[in-house]
Amino acid sequence: MIKRTHTCGQLRETHAGEPVSLTGWVNAYRLYGQNLVFIDLRDRYGVTQLVFDKESCPEALIEAAAKLRAEDVVGVRGTVRRRENPNPTIPTGLIEVVATEMEIFNKTDQLPILPDDSGAAGNIAGEEMRLKHRYIDLRRPRMQSILGVRHRVCQTARRYFDENGFLEIETPVLYKSTPEGAREFLVPCRTVPGQFYALPQSPQLFKQILMISGCDRYMQVCKCFRDEDPRADRQPEFTQIDLEMSFVRREDIMDMMEGFVRRLWKEVAGVDVPPIQRMGYREAMERFGIDRPDTRYGLEIKDISDIARKIEFKVFQEALAQHPEARAYFSKKGVVKAIRVPGGAEKLSRKITDGYSGFVATFGAGGVPTVKLNAQGAFETGIAKFLEPVKAELIAALGLQPGDTVLFAADSYAVATKSLGELRQKVARDMGLVPKPGCEGGPWNFLWVVDFPMFERNKETGKWVALHHPFTAPRDDQAEAFVRADLNSDDETIESIVSAGYDIVLNGQEIAGGSVRIHSRAVQAKVFELLGMTPEQAKEKFSFLLEALSYGAPPHAGIAFGLDRLIMNFVGTDNIRDVIAFPKTLIGQDLMTRAPSPVPDDQLKQVHIASIAKG
RNA sequence: GGGGCGGUAGCUCAAUUGGUUAGAGUACCGGACUGUCGAUCCGGUGGUUGCGGGUUCGAGUCCCGUCCGCCUCGCCA
């Protein structure tokens, strides 16, 4: 078998005259009668032109070369030669390899898709075809490059955390069902009939136990599983870079993780990340309407309820009449909020702004009242006539300039905030304000979001739920208030308790999230109680944790980075399937292997399962 | 669970108001050509229009159901 001496991306002018051999796939072929054949040979490292011509090759070799087609797999021996006509568009374009011997490892059948990034062959395969024939799709230089970025991110994480004393430890994939959070994948147990494992939503409790075990610093690149409906940026199985540290408080772990972010961006993107700013949850919700603000552009949200109160506009008045006595946050109290869109009068056509009503309807809002300030400084269109009495106040409050458009939301705090938070991002896209992905020179805007509420009331059930997860500790200065609070009557206190959680937000995407953990058995038990668990239920589900907490648990804190989303940012895609070698479709199928699949009844019996699915 | 878009040649797409034999590019096959690099030129093979049912003289097109892909709301401690 011909073995390669070089890769297809390696040869340069300095190799001229050397005997070499290359192996790879036929990327393209160009024929000139019986006398001259060009083959572009591709491997993971690049493309090199092979030449078969009458002067250098026996006739049989040229004939064989002329029969090569796209994706045939071959090895070639030959000599490196400077090209008569260099091709400046590829790194190996100054040379070619004059073939003297060829071994065909495999001929290909008619291909369903071509591994072609450029669309040079006249088309780019659809995603369904790419997933079905993933092994061809992954040959594309673009996909190879993404796999490379993913590898570098993982390697950088392992190096950085190794240098800082972290141990890489594997945690179980067959785990105990703890059904509070996301829906779990279940695995029937053969040896204990009728009982099940669950696949972990995250290794959360194991890494805490590892801290209690004295491991001090833990890291793992680990698979997590959530059986929820997917999105463009979600998969049922995804990967986290998971971390936990002992004997630290919030500032310590945030410093350590900021160091990791700085190292990662330096090594993977060649970018120096400046110190990461912090923003409180309340400020983020107030200014951006979302807990992961995209700070690459303005369009901030302002509360103008006090101005809106003064005018006779039914939509505003009805909104403001909702729960007027309620607390401002996490409540149903009515508010009026607004976004100033600089230059929107020209760029946002009537058709576009009309479309915003339908957009916010999906978040429960009734519409988007709109007004323009024309070049002469007069309110125009939409609700102009209602706003006239408070024109000066509005201009001052929002900093309006001629040519601006103002978009309003009048609803409950929750709906108005969510609607404008989402609308803000849509307007930014419509106005062309969102820069290209960072890898193409756009800004990387990092932000720590901190001071989340510990708990909020579930909208439907009215039960308290943990905003992050039930193992999150209150912020140091809040712990006492939580310990003292009466769970049955002290709603105001419970709602106001701030956690020691922290998220890293990048360009409006959450890329990491974590918290200081509860290391007191009493506090942990109290959280379980608040979340509606009886002591018996808490014991049944989490006795191992409660026991561990009472046998010498150090203070500890952790975080997890969403690896897939990190890669999406580095390579500039909004499709998570692009950054996973073998991803699943929206209903969780693997189109290549056709998983999931039926299994024989025998196999079901062994695990004590009977299917009730029809058909 | 809800809403939206799509499924036609190996692949990417087109097909007028429901109208004759469903087209193009590319891939593939055959031929021409000694410096191309998205080679070019000539010719050819290739179709159960996702699947099932219905309306109609006539369905790729309209209706019902179903499967699959994508986007999205809910959901994702």
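Chain identifiers are assigned alphabetically (A, B, ...) following the order of the sequence lines, protein sequences preceding nucleic acid strands; residue numbering begins at 1 within each chain.
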Interatomic distance where CD belongs to A:Gln110 and P belongs to B:C11 [whole Å]
9 Å
Between the base of B:U36 and the side chain of A:Gln49, is there a donor and acceptor pair under 3.5 angstrom?
yes
With sequence neighbours left out, write down each residue that passes side-chain contact (heavy atoms from CB on, under 4.5 Å) with A:Tyr29, or none if nothing qualifies.
A:Leu31, A:Ile39, A:Arg69
Taken to the nearest whole Å, CD/A:Gln204 to C1'/B:A77 is 10 Å
Between B:C51 and B:C11, how far apart are the P atoms? Round to whole Å, please.
14 Å
Quick one: look up who B:C5 pairs with, Watson-Crick or G-U, both distances under 3.5 Å, and put none if it's unpaired.
B:G69
Side-chain donor-acceptor contacts of residues 580-589 of chain A below 3.5 Å, not counting sequence neighbours, with atom names and distances?
from, atom 1, to, atom 2, distance (Å)
A:Lys584, NZ, A:Glu237, OE2, 2.8
A:Thr585, OG1, A:Ile587, N, 3.4
A:Thr585, OG1, A:Gln589, N, 3.3

A:Thr534: what forms a side-chain contact (heavy atoms from CB on, under 4.5 Å) with it, not counting sequence neighbours?
A:Glu536, A:Gln537
Verify the distance criterion only: is there a donor paired with an acceptor across the side chains of A:Thr171 and A:Gln220 at less than 3.5 Å?
yes
Between A:Phe542 and A:Phe471, is the ring centroid distance below 6.0 Å?
yes
Looking at the base of B:C75, is there any donor atom on it, or on the side chain of A:Arg234, that sits under 3.5 Å from an acceptor on the other one?
yes
Atom C1', compared across B:G43 and B:C5: separation rounded to whole Å:
40 Å
What I'd like to find out is whether the side chain of A:Lys223 reaches to under 4.5 Å of the side chain of A:Phe238, using heavy atoms alone.
no
Please report the distance, rounded to the nearest Å, between CD in A:Gln201 and C1' in B:C76.
9 Å
Spacing of the C1' atoms in B:G44 and B:G6 (rounded, Å)
33 Å
Sugar-phosphate, base or nothing in reach of A:Pro88, heavy atoms under 4.0 Å:
nothing
Which pairs with one or both residues in residues 521-533 of chain A pass side-chain hydrogen bond (donor to acceptor under 3.5 Å, both in side chains), sequence neighbours excluded?
A:Arg521-A:Ser550
When you measure from the side-chain N and O atoms of A:Gln589 to the phosphate of B:C68, is any distance below 4.0 Å, counting only OP1 and OP2?
yes
Can you tell me if the side-chain N/O atoms of A:Arg69 get under 4.0 Å from OP1 or OP2 in B:U26?
no
When you check every protein heavy atom under 4.0 Å of nucleotides 1-7 of chain B, what one-letter string (B, S, -) results, 5' to 3'?
B------
Check every strand shown and say whether A:Arg183 touches a base, only sugar-phosphate, or nothing at a heavy-atom separation below 4.0 Å.
nothing
Which nucleotide, if any, forms a Watson-Crick or G-U wobble pair with B:G18, using both distances under 3.5 Å?
none
Under 4.0 Å, counting only non-hydrogen atoms across every strand here, what does A:Pro112 touch: a base, just sugar-phosphate, or nothing?
sugar-phosphate
I'd like to know if A:Arg424 pairs up with A:Asp294 as an ion pair, taking the criterion as any Lys NZ or Arg NE/NH1/NH2 lying under 4.0 Å from an Asp or Glu carboxylate oxygen.
no
Tell which nucleotide pairs with B:G46, taking only Watson-Crick or G-U wobble pairs whose two distances are both under 3.5 angstrom.
none
Choose from B:A32, B:G35, B:C76 the nucleotide whose nearest atom is closest to any side-chain atom of A:Phe38.
B:G35
Select from A:Asn575 and A:Gly181 the residue whose nearest nucleotide in RNA chain B is closer to the 5' end of that strand.
A:Asn575
Residue A:Ser202, side-chain heavy atoms: nucleotide from B:U36, B:C76, B:A77 that is nearest
B:A77
Work out how far the C1' atom of B:G47 is from that of B:A15, and round it to whole angstrom.
14 Å
Mind checking the C1' distance from B:G58 to B:A14? Whole angstroms is fine.
22 Å
Counting only distance, no hydrogens or angles, is the base of B:C37 paired donor-acceptor with the side chain of A:Arg83 under 3.5 Å?
yes
Give a yes or no on this: more than 12 heavy atoms of other residues, nucleotides or ligands lie within 6.0 Å of atom CZ of A:Phe359.
yes
Once you apply a heavy-atom cut-off of 4.0 Å, does A:Lys418 come out as touching a base, just sugar-phosphate, or nothing?
sugar-phosphate
Base-contact (B) and sugar-phosphate-only (S) positions in nucleotides 39-50 of chain B, heavy-atom cut-off under 4.0 Å, - elsewhere:
B-----------
Strictly by Watson-Crick or wobble contacts shorter than 3.5 Å, is anything paired with B:A59, and which nucleotide is it?
none
Record whether the side chain of A:Arg81 comes under 3.5 Å of the base of B:G35 through a donor-acceptor pair of N or O atoms.
yes
Out of B:G69, B:G35, B:U34, minimum distance to the side chain of A:Asn35 belongs to B:U34
Can you tell which of B:C71, B:A77, B:C11 lies closest to the side chain of A:Ala125?
B:C11
Please tell me which of A:Phe363 and A:Phe471 maps to the more 5' nucleotide of RNA chain B, matching each residue to the nucleotide holding its nearest heavy atom.
A:Phe363
Is the distance between the ring centroids of A:Phe455 and A:Phe482 under 6.0 Å?
yes
Taking any heavy-atom pair under 4.0 Å as a contact, classify A:Gly93: base, sugar-phosphate, or nothing.
nothing
Strictly by modelled atom types, are A:Asp53 and A:Tyr32 linked by a side-chain donor-acceptor pair under 3.5 Å?
no
Which pairs, with at least one residue in residues 34-49 of chain A and sequence neighbours excluded, count as a salt bridge (charged side-chain N to carboxylate O under 4.0 Å, His left out)?
A:Arg30-A:Asp40, A:Arg42-A:Glu71
Results of side-chain contact (heavy atoms from CB on, under 4.5 Å) for A:Ser515 - residues two or more places apart only:
A:His468, A:His469, A:Thr472, A:Arg517
C1' atom, B:C37 versus B:G50: distance in rounded Å?
39 Å
Write down the distance between CD (A:Gln34) and C1' (B:U36), rounded to a whole number of angstrom.
17 Å
Using purine N1 to pyrimidine N3 plus N6-O4 or O6-N4 for Watson-Crick, or N1-O2 and O6-N3 for G-U wobble, both under 3.5 Å, which nucleotide pairs with B:U26?
B:G10
Would you mind classifying the nucleic acid contact of A:Ile113 as base, sugar-phosphate or nothing, using non-hydrogen atoms under 4.0 angstrom?
nothing
C1' atom, B:G18 versus B:G54: distance in rounded Å?
15 Å
Nearest-angstrom distance from the residue atom CG of A:Asn85 to C1' of B:G35:
5 Å
Under 4.0 Å, heavy atoms only, any strand: does A:Glu422 hit a base, just the sugar-phosphate, or nothing?
nothing
List the residues meeting side-chain contact (heavy atoms from CB on, under 4.5 Å) with A:Leu94, not counting sequence neighbours, and say none if there are none.
A:Glu13, A:Pro86
Can you tell me how far P in B:C64 sits from the matching atom in B:G3, rounded to whole Å?
13 Å
Between C1' of B:C76 and CD of A:Glu510, the distance in whole Å
11 Å
Where the side chain of A:Ile587 is concerned, which of B:C68, B:C70, B:G35 is the nearest nucleotide?
B:C68
Find the distance A:Leu114:CG to B:C28:P and express it as a whole number of Å.
7 Å
Expressed as a whole number of angstroms, how long is the span from A:Asp116:CG to B:C37:C1'?
13 Å
